[in-house]
Amino acid sequence: MKTHVLFNLFATFLLADGLNIEDSAGQFFSSGHTNNWAVLVCTSRFWFNYRHVANTLSVYRSVKRLGIPDSHIVLMLADDMACNHRNPKPATVFSHKNMELNVYGDDVEVDYRGYEVTVENFLRVLTGRLPPSTPRSKRLLSDDRSNILIYLTGHGGNGFLKFQDSEEISNVELADAFEQMWQKRRYNELLFIIDTCQGASMYERFYSPNLMALASSQVGEDSLSHQPDLAIGVHLMDRYTFYLLEFLEDIHPASKANMNDLFKVCPKSQCVSTPGHRTDLFLRDPGSVLITDFFGSVRKVEITTEAIDLTDPIKEVEERPANGDVHKEMHSYVDQLPVSEIIHQNGKLCATSTNKMSLCCFHGDVSECEMQLPRGLGVEGPP
Amino acid sequence: MFLSERRRGQLAALSIAAVVIIVGVPLWWRTTETYRAWLPVSQIKELAKLQLQLSADVEVVFARGTVTPEQQKKVPLTQTQEEERAIDGDLIILFLILLIRNTKLESKFFSCHVLFLPEDTALRYSTQADLYLLAFQDVNVYIGQRRTALLRIGPQMRVGKTLEQLLAHLEPRIKQVLQVMSFSHNDITAALSDRVRFSPDNKESIADSMRAFKSSPGYEITFSLLNPDPKSHRLHWDIEGAVQTYIQPLLTKLSPVANFSIDSQTLYYTMLGVNPRFDTSRSAYTLNADSLAHVINPVEARLGSNAASSNPVLNFLLYVPDAQHSPLYIQGRKKQEVPSNAFHSPRWGGIMVYNVNGFYGSEPEFPVDINIDMAKVMGVFLAQLRLLLGVQSSTPPPGFLVARCGSTGLADWELDRLMWSRSVENVATATTTITSLAQLLDQIGNIVINDNIAQQVSSAVTSLQLAVAELEAGNLGFALQYSKEAILASEKAFFDPSLLHLLYFPDDQKFAIYIPLFLPMCVPILLSLLKIVSEARQRRREKQAKKD
């Protein structure tokens with residue numbers, strides 16, 4: 001009997017100890033990711049699509065505020081609203097007509113801008129099939145322990161999203177791109193948010209595991225914009241992203257809000273359209289997924305308990321013996337194009353000297369133009 | 001000869017139809033074909049089954065006094081032990097352990113030496129590994145810095161026992177030692193984590209797999225000195241010498257595994273981003289473990305990166321707290337002291353806090369010149385580097401004593417262990433890549449397969465086959481090299497920019513393209529053919545009627 005009691009006590013002690021370890025290690029294992037990435041895309045250009053750029057910038061701002069560094073964000077903006085000629089308040093992009101929040105800020109790093117935002121580039125970023133000369137900031141260098149947030153906004157329809165008013169990406173292509181990402185294990189978990197008309201159609205065709213998707217409207221519904229600003233003259237933001245921004249402003253890096261709260265953002269009364277979400281491909285329960293798992297970048301941390309004893313003294317770095325005179329190459333500038341002479345030519349300056357430049361003699365007959373540029377400018381032959 | 005109008009018309013229609021069918025259709029077919037070079041699909045399918053055979057060679061040496069001379073003659077020369085494990089159904093891996101008896105200590109490359117010593121030796125034994133041991137009571141196995149392990153034969157195995165009993169006693173112990181020194185089932189399963197999401201019952205191995213970087217052909221290491229208070233501290237660190245003396249030997253030893261490139265920088269006015277709390281009991285500022293997670297992000301934005309390649313970056317930061325917040329100590333989760341004053345983040349790097357208030361002297365005149373003790377700093381960074389590269393093994397079983405690694409920071413058997421798991425990981429990853437690429441190209445008929453992609457795939461397949469063969473033979477160095485080549489070739493083929501599938505053509509779009517082209521052309525031809533046929537039939541009927 002006594003041994004039985006003793007054993008029970010011992011067992012409970014072990015259990016308690018085990019639970020303690022479990023608790024402290026709990027944070028480590030609940031999500032399984034070690035880094036965060038974000039791909040934020042605005043697909044429409046022209047001044048009247050101001051709200052799409054504002055949408056993307058507001059998500060960018062939240063994501064940066066919660067900790068994801070610029071090196072882990074791929075921001076694609078199809079047009080520049082802050083420096084647009086029609087912007088009465090240059091260098092700003094506002095989210096609300098009271099102009100409290102300038103989502104452009106002073107620290108925006110756009111990776112793909114203007115006409116670089118195409119379906120092809122977007123798919124290349126996702127699948128990783130970029131030409132070798134692409135710099136690091138334009139690549140999605142995620143691994144199998146990365147949580148990725150993908151946000152798309154623009155004009156869309158049933159099964160497609162319009163890029164740059166000239167091409168479109170279909171939901172099948174998007175699903176295939178995600179499947180290729182999964183095949184190469186380029187993500188651990190992926191959150192896909194889309195704010196367009198009939199946005200729910202874009203996530204219908206997903207079939208890869210560990211995907212969670214949110215959309216601002218169902219198939220057949222239009223996503224509406226929030227409100228126009230009479231001074232700027234356009235609608236400033238879309239409703240869904242406006243309320244999403246409001247929700248995210250309350251989140252801080254240590255917050256414990258989970259995905260179920262995110263699903264409640266912008267109910268039909270506020271949004272007019274019905275936001276939808278899809279979690280059947282996601283392995284974890286959405287209630288246990290923290291907002292900061294995708295929007296922030298909370299690092300796992302371990303204390304270093306061991307150190308190696310190093311006893312050797314530092315070796316002096318040997319100076320390289322001077323090789324006599326350092327051979328210097330003399331460089332000089334190539335003779336520049338005598339622009340002022342060209343401008344003031346009046347047909348007089350023909351054939352100044354043979355090894356410099358014989359200019360076009362504008363005697364009304366351009367076909368007699370003969371240009372010999374000095375060596376080094378790299379241009380050969382007549383135009 | 002003059003043909004009648006109608007006859008000419010019929011001939012024209014027939015000849016046009018003939019040209020369209022004989023010349024037009026094949027021409028259209030050929031010009032709209034996509035170029036697809038040949039891929040070794042059958043070999044890829046063969047590799048996808050992934051039957052790996054890993055063999056480790058062991059040399060067992062019996063010291064004098066453990067076995068009688070007669071038994072010694074009867075010990076079998078070689079003995080193999082196989083163990084088959086299935087992982088996730090379609091992978092079967094065999095462990096083959098060859099036991100070879102010899103009396104001389106030949107150091108065969110990559111083999112382990114196991115010495116059996118009699119129970120009562122004081123273990124003052126000098127082997128090639130240059131070690132001297134004292135007699136530990138509860139230590140039965142000692143693992144040295146090179147590839148040697150010393151085992152003590154228990155008291156029950158006195159010399160009088162028979163050979164079979166002796167061998168039966170020894171085999172599980174040798175196996176246990178080998179699992180620590182070369183590879184174990186858990187290690188291999190962790191290396192295959194791409195293909196298999198193993199069940200989370202071993203939390204330590206999950207933490208290990210999350211912490212270490214994935215296998216990559218190269219890594220970039222950046223050492224950064226953070227000085228938030230240059231007005232008070234003028235810091236000098238001999239980073240070049242320190243890297244050359246302390247870090248470079250480890251990286252040179254690891255050169256078969258990956259290439260490393262090192263750089264360093266100093267950042268001024270970079271704060272930690274978390275306010276430390278003043279602890280009156282220790283009269284120092286403390287950072288507790290929960291706030292450590294938020295330290296890294298504000299700093300990372302300032303770190304920058306000069307990496308021109310896409311290799312993973314390891315950051316090691318040395319933070320010298322400002323004069324107002326000195327000294328700064330890190331507390332563990334249970335508020336315990338951390339002697340190294342450092343922490344690391346999985347797959348990112350490490351941060352060490354270096355307190356300099358001890359260097360102030362009696363009447364400090366700011367700015368104070370401080371020389372940082374690089375040996376202490378590099379000791380911590382080296383330990384973190386080992387962890388992040390996946391060198392650290394799990395805690396050894398009870399009764400084992402593992403020698404501390406030498407000045408390079410890496411024991412030979414630890415390197416072997418790393419090479420085993422890297423080879424298996426590379427082979428598995430390359431196989432998965434090639435298989436999914438073949439599947440993708442098969443599924444989508446529209447993708448153009450260029451010659452260079454086909455060549456990369458073929459070379460990847462060849463390298464994979466060679467790597468698997470070398471793993472079977474137990475040549476670890478060659479296996480790793482071939483597996484690296486396989487990975488490079490397969491990644492190049494998979495991520496080739498020309499493979500972008502933008503040619504998604506739904507069927508209704510295909511109709512929409514071809515109908516306006518072909519329909520106006522085909523309708524007159526079809527109608528005239530029909531007319532010819534109906535006229536011919538009518539004539540035949542008239543002929544029939546005439547005959548009757």
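We name chains A, B, ... by the order of the sequence lines, and we start the count at 1 in each one.
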Between [X] (side chain) and [Y] (backbone), is there a donor-acceptor pair under 3.5 Å?
{"X": "B/Ser345", "Y": "A/Lys300", "value": "yes"}
{"X": "B/Ser340", "Y": "A/Thr304", "value": "yes"}
{"X": "A/Arg145", "Y": "B/Arg347", "value": "no"}

Pick one of side chain, backbone, both or neither for [X], based on which atoms fall under 4.5 Å of a heavy atom in chain B.
{"X": "A/Ala177", "value": "neither"}
{"X": "A/Asp70", "value": "neither"}
{"X": "A/Leu130", "value": "backbone"}

Counting heavy atoms not belonging to [X], are there more than 12 under 6.0 Å from its [atom1]?
{"X": "B/Lys253", "atom1": "NZ", "value": "yes"}
{"X": "A/Tyr115", "atom1": "OH", "value": "no"}
{"X": "B/Lys492", "atom1": "NZ", "value": "no"}
{"X": "B/Asn450", "atom1": "CG", "value": "yes"}

Atom pair CZ/OG1 of A/Arg185 and B/Thr433 - distance to nearest 0.5 Å: 10.0 Å
Spatial distance of atom CG (A/Asn35) from atom CD1 (B/Ile296) [nearest 0.5 Å]: 11.5 Å
Side chain to side chain contact (heavy atoms under 4.5 Å, CB included) involving A/Glu168 - partner list, sequence neighbours excluded: A/Phe160
Cation-pi check, A/Arg124 onto B/Phe495 ring (under 6.0 Å, within 45° of axis): no
Segment of [X] engaging chain A (4.5 angstrom heavy-atom cut-off):
{"X": "B/Val380", "value": "both"}
{"X": "B/Ile330", "value": "side chain"}
{"X": "B/His294", "value": "side chain"}
{"X": "B/Gln331", "value": "backbone"}
{"X": "B/Phe381", "value": "neither"}

Residues B/Glu300, A/His72; criterion side chain to side chain contact (heavy atoms under 4.5 Å, CB included); working and verdict: CA-CA 10 Å; B/Glu300 190 172 2; A/His72 286 232; 3.9 Å; yes
Distance-minimising heavy-atom pair for B/Ala293 and A/Arg299: CB-O, 3.3 Å
Minimum heavy-atom distance between B/Ala383 and A/Ala307, given as atom pair plus value: CB-CA, 4.0 Å
Check: [Y] and [X] side chains under 4.5 Å, non-hydrogen atoms:
{"X": "B/Phe343", "Y": "A/Glu302", "result": "no"}
{"X": "A/Thr305", "Y": "B/Val338", "result": "no"}
{"X": "B/Val313", "Y": "A/Arg136", "result": "yes"}

Best-contacting candidate, B/Gly332, B/Ala342, B/Ala375, B/Ala301, against chain A by heavy atom pairs under 4.5 angstrom: B/Ala342
B/Leu499/A/Arg129 under side chain to side chain contact (heavy atoms under 4.5 Å, CB included): CA gap, chis, key distance, verdict: CA-CA 8 Å; B/Leu499 281 183; A/Arg129 297 206 169 101; 3.9 Å; yes
Step-by-step side chain to side chain contact (heavy atoms under 4.5 Å, CB included) determination, B/Thr429 to A/Lys184: CA-CA 9 Å; B/Thr429 312; A/Lys184 253 334 243 162; 4.2 Å; yes
Heavy-atom pair count under 4.5 Å with chain B, highest-scoring of A/Ser297, A/Gly296, A/Pro132, A/Pro253: A/Ser297
Test side chain to side chain contact (heavy atoms under 4.5 Å, CB included) applied to A/Ile308 and B/Arg386, step by step: CA-CA 10 Å; A/Ile308 296 182; B/Arg386 275 169 54 102; 3.6 Å; yes
